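Sharing a structure here in structure tokens format.
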Amino acid sequence: MEILIKAARIVDESKDFLGDLYIKDGKIEDFGEDLNYTCKVVDGQGLTLMPSFIDLHVHFREPGYTYKEDLDTGGLAALRGGYTLVNLMGNTNPICSSMEIVEYVLKRGKELDLVDIHQVVSITKDFDGYTLSHLDDLDERVKFISDDGKGIKSNIVMYKAMIKALEKDLTLMIHAEDEDLTPIDYRISENIITIRDIYLSKETGARLHLCHVSTKEAIEEVRRGKAQGVNLTCEVTPHHIALWDNDYKVNPPIRTKEDVDALIEGIIDGTVDAIATDHAPHTGEDKLKGAPGLSGIETAFPVSYTSLVKNGKIDLKKLSKLMSGNPGKIMGVRKGKIEKAYDGDVVLIDLDKEILIDSQKFLSKGKNTPFNGMKLYGQVMMTIKGGEIKYSNKDL
Ligand code: DOR
Ligand code: ZN
Ligand code: ZN
């Protein structure tokens, strides 16, 4: 399959130029000015072409909670949001604590052939907070372990998990929360586990990725840890950088303007490695019962673009680094950059188009979002994966 995209503004973490891009046999074969190939041509005039986005943190709810989302609707929603690779969290039913479930998810993902999928396995078996023996059974298809949705209270368990992760070459994705403290002070709850886990990583050498960092204290700890050479990366979510003083139910909660400013400072100085959605679809009924989370994969780019680039805080190259380049690096894939022989996964965006968020139009089953009714910029017009058009906005 071949495709040539003509006359677009081409942007990745280190490039920003007007030109053409040619994809052949699933890979980026050529890019530059005035390319000529006889194949399908897409007119990119007036549009911006970027590497498609890579989401390090997603809940597609399979198996077990398919009334909230499944791999089909999640994959379609991801493509609509400009994503072609997602890292799926294991707080499913059953919890993903075995290769059997990993294999089930990967097989179904392949059959659906929408986006590329990586499955995260739980740190403790069935999220019991203690058992680590299942980690011995994991093979190289698993790169990340996480008890996301829950914190790990025990210091010794986290210490042993880090030793095991080192041995198995796994990255721990940390949902930093002490659930005993949460009802009293959710700020201390996030900060204390962040401090503990960075300290344990420093002592053990285990590779850590901190999920959805949301407080100014936590971001300062990440900055300090990195300066000391700790093996550390972190992500922030679009909602934690775009909203403050808002009581929409999500874990960790929406913080204050001071926290938002600190996260953006962390983005600017490189403390923050990635923007990840924590896409957490729920039914209306479950939200009324207090389920935390928001359906975020279809709004991540416009929310991030509007709150970071449109207002001049960072440039588009930097946003590409946060949403594609660095996540690709963290996942160890040849995706997320406009480079020859990288995967031909790109997205065409209309940056100037104002969009009114209407969650009823989401392809995700989860219509839960605090962004409903907001006017944002940056419409995904087309998502191409391996040279194949997987999503096209009907306005095009
Ligand atoms: O808001 C959240 N929702 N935070 C989490 O950690 C879990 C997630 C979910 O699975 O719904
Ligand atoms: Zn989490
Ligand atoms: Zn999550």
Side-chain angles (χ1 to χ4, degrees), residues 55-71 73-74 77-78 83 86-96 105 118-124 126-127 129 144-153 158 171-179 181-182 186-187 189-191 193-194 197 208-215 218 233-243 246-255 274-297 299-300 303 327 364-371:
D55 201 340
L56 287 165
H57 189 146
V58 175
H59 300 267
F60 277 178
R61 311 292 192 206
E62 251 197 82
Y65 299 114
T66 51
Y67 63 97
K68 293 177 192 265
E69 191 80 292
D70 59 36
L71 293 175
T73 54
Y83 288 86
V86 292
N87 196 30
L88 301 183
M89 287 297 163
N91 61 341
T92 48
N93 187 18
I95 304 280
C96 186
V105 171
H118 179 270
Q119 178 64 52
V120 177
V121 169
S122 66
I123 298 175
T124 67
D126 302 325
F127 285 8
F144 301 93
I145 50 174
S146 181
D147 277 11
D148 184 55
K150 261 184 111 176
I152 291 178
K153 282 183 213 163
M158 187 50 100
T171 300
L172 297 111
M173 296 188 76
I174 304 297
H175 170 107
E177 176 175 0
D178 177 327
E179 279 149 1
L181 269 167
T182 296
Y186 205 147
R187 174 175 291 276
S189 167
E190 175 171 345
N191 294 345
I193 300 297
T194 303
D197 288 355
L208 283 199
H209 175 81
L210 287 157
C211 297
H212 42 56
V213 177
S214 73
T215 69
T233 53
C234 81
E235 70 190 34
V236 297
T237 72
H239 45 279
H240 288 110
I241 52 176
L243 303 174
N246 180 310
D247 60 6
Y248 194 85
K249 182 88 191 301
V250 58
N251 288 345
I254 302 300
R255 304 289 187 180
I275 291 176
T277 66
D278 199 3
H279 175 73
H282 293 289
T283 62
E285 202 182 339
D286 287 348
K287 280 306 284 181
L288 285 174
K289 285 190 217 147
L294 59 104
S295 180
I297 207 159
T299 53
V303 168
S364 167
K365 288 184 191 177
K367 314 296 181 197
N368 49 308
T369 174
F371 295 109

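Computed from heavy atoms alone, side chains included, the values below leave out hydrogens, waters and symmetry copies. Every value quoted in this text rests on a predicted model; they were computed, and no experiment measured them. Both counts, for ligands and for their atoms, begin at 1 and track the order of listing.
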Using a distance-only test with no angle check, is there a side-chain donor-acceptor pair under 3.5 angstrom linking His118 and Asn87?
yes
State the atom name: nearest N, O or S atom of Asp148 to the Zn ion (ligand 3).
OD2
When you measure from the Zn ion (ligand 3) to the N, O or S atoms of His175, does any of those distances fall below 2.8 Å?
no
Give the C-alpha distance, both sets of side-chain angles, the deciding distance and a yes or no for salt bridge (Lys or Arg N to Asp or Glu O under 4.0 Å) between Arg255 and Glu190.
CA-CA 12 Å; Arg255 304 289 187 180; Glu190 175 171 345; 3.0 Å; yes
Decide, counting backbone as well as side-chain atoms, whether His57 has an N, O or S atom less than 2.8 Å from the Zn ion (ligand 3).
yes
Arg61 NZ/CZ over Tyr67 ring centroid, <6.0 Å and within 45° of normal
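Arg61 over Tyr67 ring: no.
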From CA spacing to verdict: salt bridge (Lys or Arg N to Asp or Glu O under 4.0 Å), Lys153, Asp178
CA-CA 6 Å; Lys153 282 183 213 163; Asp178 177 327; 6.0 Å; no
Would you call the rings of His175 and His212 parallel, tilted or perpendicular, taking 30° and 60° as the class edges?
perpendicular
What atom name does the N, O or S atom of Asp278 nearest to the Zn ion (ligand 3) carry?
OD1
Would His279 and His57 satisfy side-chain contact (heavy atoms from CB on, under 4.5 Å), going step by step from the backbone distance to the final call?
CA-CA 7 Å; His279 175 73; His57 189 146; over 6 Å; no
Under 3.5 Å donor-acceptor, Asn246 side chain and Ile254 backbone:
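Checked: no pair found.
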Donor-acceptor pair, distance only, cut-off 3.5 Å: does the side chain of His240 make one with the backbone of Ser214?
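A pair under 3.5 Å: no.
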Kindly print each ligand 1 N/O atom paired with any protein N/O atom under 3.5 angstrom away, one pair per line, or none if nothing qualifies.
from, atom 1, to, atom 2, distance (Å)
ligand 1, 1 (O), Asn251, N, 3.0
ligand 1, 1 (O), Asn251, O, 3.4
ligand 1, 1 (O), Gly293, N, 3.3
ligand 1, 3 (N), Pro292, O, 3.1
ligand 1, 4 (N), Asn251, O, 3.0
ligand 1, 6 (O), His175, ND1, 3.2
ligand 1, 10 (O), His59, ND1, 3.4
ligand 1, 10 (O), Arg61, NH1, 2.9
ligand 1, 10 (O), Asn91, ND2, 2.8
ligand 1, 11 (O), Arg61, NH2, 2.9
ligand 1, 11 (O), His282, NE2, 2.9
ligand 1, 11 (O), Pro292, O, 3.2

